Amino acid sequence: MYENIKYEVKGNLGYLTINRPKALNALNTDVLAELADALKEIEADDAVKAVIVTGEGKAFVAGADIAQMSKLNAVEGRAMMQAGHKVMNTIDQMPKPFIAAVNGFALGGGCELAMACDIRIASSKAKFGQPEVGLGIIPGFCGTQRLSRLVGKGMAKYLIYSAEMINAEEAFRIGLVEKVVEPDALMETAEKLANTIASKAPIAVAQAKIAINNGFDMDLKSASQLEVEATTVCFGSEDQKEGMAAFLEKRAPEWKKR
Ligand code: DAK
């Protein structure tokens, strides 16, 4: 069904793989359109509790497609940027956890895709960067905003102004990734984490994502109130009763997903 991506479901996990290895998985408008369609599938599928995003071959994603962008005028560039924003924001706002398993180059739009995910696990061979200023543009899929929120304004400016490529250890040191593992252990580590998250109460995980992502840009008072509302949703769920009963009865919970 898809030509530039692969989407598979195994158990409770969705696997979204960018699959244009000849162009190091560069994001063109076709890839973005297919990602948007796959995200609709993911959103509609209750069986999918967590999603792993990765790249085929030696790259995660080496950026937006430079060959395609080189031909765009301002209007077309804006349309592509909006298609990219839609994908990144859908991942960010969907109340399901997304884990980026960063297997190689995560540059430009690739770094932005990884940053839109909830958690980033990197292979020790992965490389990160925002090289756009070397091409006469700036990060266009929300990188100027997400990078500064993840690593701080000063480090975001350092990386974006210099276009420097950093390795996985440095990405870990500055807080751009949460874990670095050997290449052979990447998928196993991402799957273990995804399965752990999938074993928790789905409504609680969803509300935690809503509270963290939406509260991050609010003042503390408003964000605290958002947390109250998110917690109230949890207390209104059968899974809150089940989770606490299971603890008290010393058994594993059986989530009702409501
Ligand atoms: N776009 C298109 N093709 C790419 C590509 C990319 N981003 N990255 C690699 N490729 C292609 C190469 O052209 C090459 O194709 P062939 O020559 O074989 O046909 C193939 O992938 C293999 O690449 P290399 O031969 O270069 O492989 P190496 O291992 O030697 O080098 C590399 C790997 C990742 C260091 C190198 O490929 C590289 O520097 N790639 C470009 C990285 C980059 O600059 N990425 C940032 C792209 S800019 C906006 C929308 C979005 C954005 C901004 C604005 N609006 C619409 C306003 C975001 C922009 C970006 O992401």
Side-chain angles (χ1 to χ4, degrees), residues 2-6 16-36 39 53-92 98 100-117 120 122-151 155-171 174 176-177 180 183 186:
Y2 298 115
E3 283 176 25
N4 301 287
I5 65 168
K6 285 190 278 183
L16 196 50
T17 306
I18 319 301
N19 188 26
R20 274 189 88 204
K22 280 189 187 154
L24 302 188
N25 302 324
L27 301 175
N28 61 17
T29 45
D30 290 342
V31 180
L32 291 171
E34 290 187 11
L35 281 173
L39 289 168
V53 182
T54 194
E56 186 66 38
K58 75 173 183 179
F60 177 70
V61 167
D65 192 308
I66 299 170
Q68 185 174 46
M69 284 192 295
S70 69
K71 301 184 188 100
L72 301 182
N73 62 30
V75 173
E76 293 161 339
R78 190 168 199 277
M80 183 180 186
M81 197 169 61
Q82 283 185 322
H85 273 235
K86 190 174 153 204
V87 166
M88 309 297 158
N89 291 341
T90 301
I91 292 173
D92 193 44
F98 283 73
V102 184
N103 51 306
F105 294 110
L107 304 174
C111 191
E112 290 167 307
L113 177 63
M115 289 192 289
C117 294
R120 286 146 292 282
S123 145
S124 55
K125 289 205 171 137
K127 299 259 193 292
F128 296 80
Q130 296 288 164
E132 286 89 344
V133 294
L135 298 164
I137 53 173
I138 65 169
F141 294 158
C142 215
T144 56
Q145 306 310 308
R146 287 206 175 89
L147 188 59
S148 55
R149 281 162 174 74
L150 272 177
V151 304
M155 186 56 81
K157 287 175 178 173
Y158 177 96
L159 290 171
I160 290 172
Y161 296 178
S162 70
E164 189 175 305
M165 213 192 289
I166 58 170
N167 64 24
E169 278 306 329
E170 178 65 359
I174 65 174
L176 179 53
V177 303
V180 180
L186 179 65

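If you're wondering where the values come from, they're calculated on a predicted model, not measured in any experiment. Atoms within a ligand are numbered from 1 in the order they appear, just like the ligands themselves.
Using a 4.0 Å threshold on non-hydrogen atoms, atom 25 (O) of ligand 1 does not count as touching the protein. For atom 30 (O) of ligand 1, the nearest protein heavy atom is 4.0 Å or more away. Within 4.0 Å of atom 34 (C) of ligand 1, at least one protein heavy atom is present. Distance check for atom 59 (C) of ligand 1: a protein heavy atom is found below 4.0 Å. Not a single protein heavy atom sits closer than 4.0 Å to atom 39 (O) of ligand 1. When distances from atom 1 (N) of ligand 1 to the protein are checked, a heavy atom turns up under 4.0 Å. There is a protein heavy atom closer than 4.0 angstrom to atom 10 (N) of ligand 1.
At a heavy-atom cutoff of 4.0 Å, ligand 1 is contacted by the side chain of Leu135 but not by its backbone. Contacts of Ala26 with ligand 1, taken as heavy-atom pairs under 4.0 Å, involve the side chain alone. At a 4.0 Å heavy-atom cut-off, ligand 1 touches Lys22 through the backbone alone. Contacts between Ala62 and ligand 1 below 4.0 angstrom, taking non-hydrogen atoms only, involve backbone and side chain alike. Contacts of Met81 with ligand 1, taken as heavy-atom pairs under 4.0 Å, involve both backbone and side chain. Of the heavy atoms in Arg78, none comes closer than 4.0 Å to ligand 1. Contact annotation: for Ile137 versus ligand 1, heavy atoms closer than 4.0 Å belong to the side chain alone.
If you run side-chain contact (heavy atoms from CB on, under 4.5 Å) between Lys6 and each of Ile18, Asn19, Leu16, only Asn19 comes through.
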- [ ] Check step by step if side chain to side chain contact (heavy atoms under 4.5 Å, CB included) holds for Asn25 and Phe105.
- [x] CA-CA 9 Å; Asn25 302 324; Phe105 294 110; over 6 Å; no
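Within ligand 1, the atoms closer than 4.0 Å to a non-hydrogen atom of Ile138 are 53 (C), 54 (C), numbered from 1 in the order shown.
A donor atom on one side chain and an acceptor atom on the other are found under 3.5 Å apart for Glu34 and Asn4.
The heavy atom nearest to atom 53 (C) of ligand 1, out of those in Gly129, Gly140, Ala64, is found in Gly140.
For ligand 1, the polar-atom distance check finds no N/O of Phe105 at less than 3.5 Å from any of the ligand's N/O atoms. Residue Gly109 has at least one nitrogen or oxygen atom sitting less than 3.5 Å from a nitrogen or oxygen atom of ligand 1, judged on distance alone.
Contact check for Val31 versus Val61: no side-chain heavy atoms found under the 4.5 Å cut-off.
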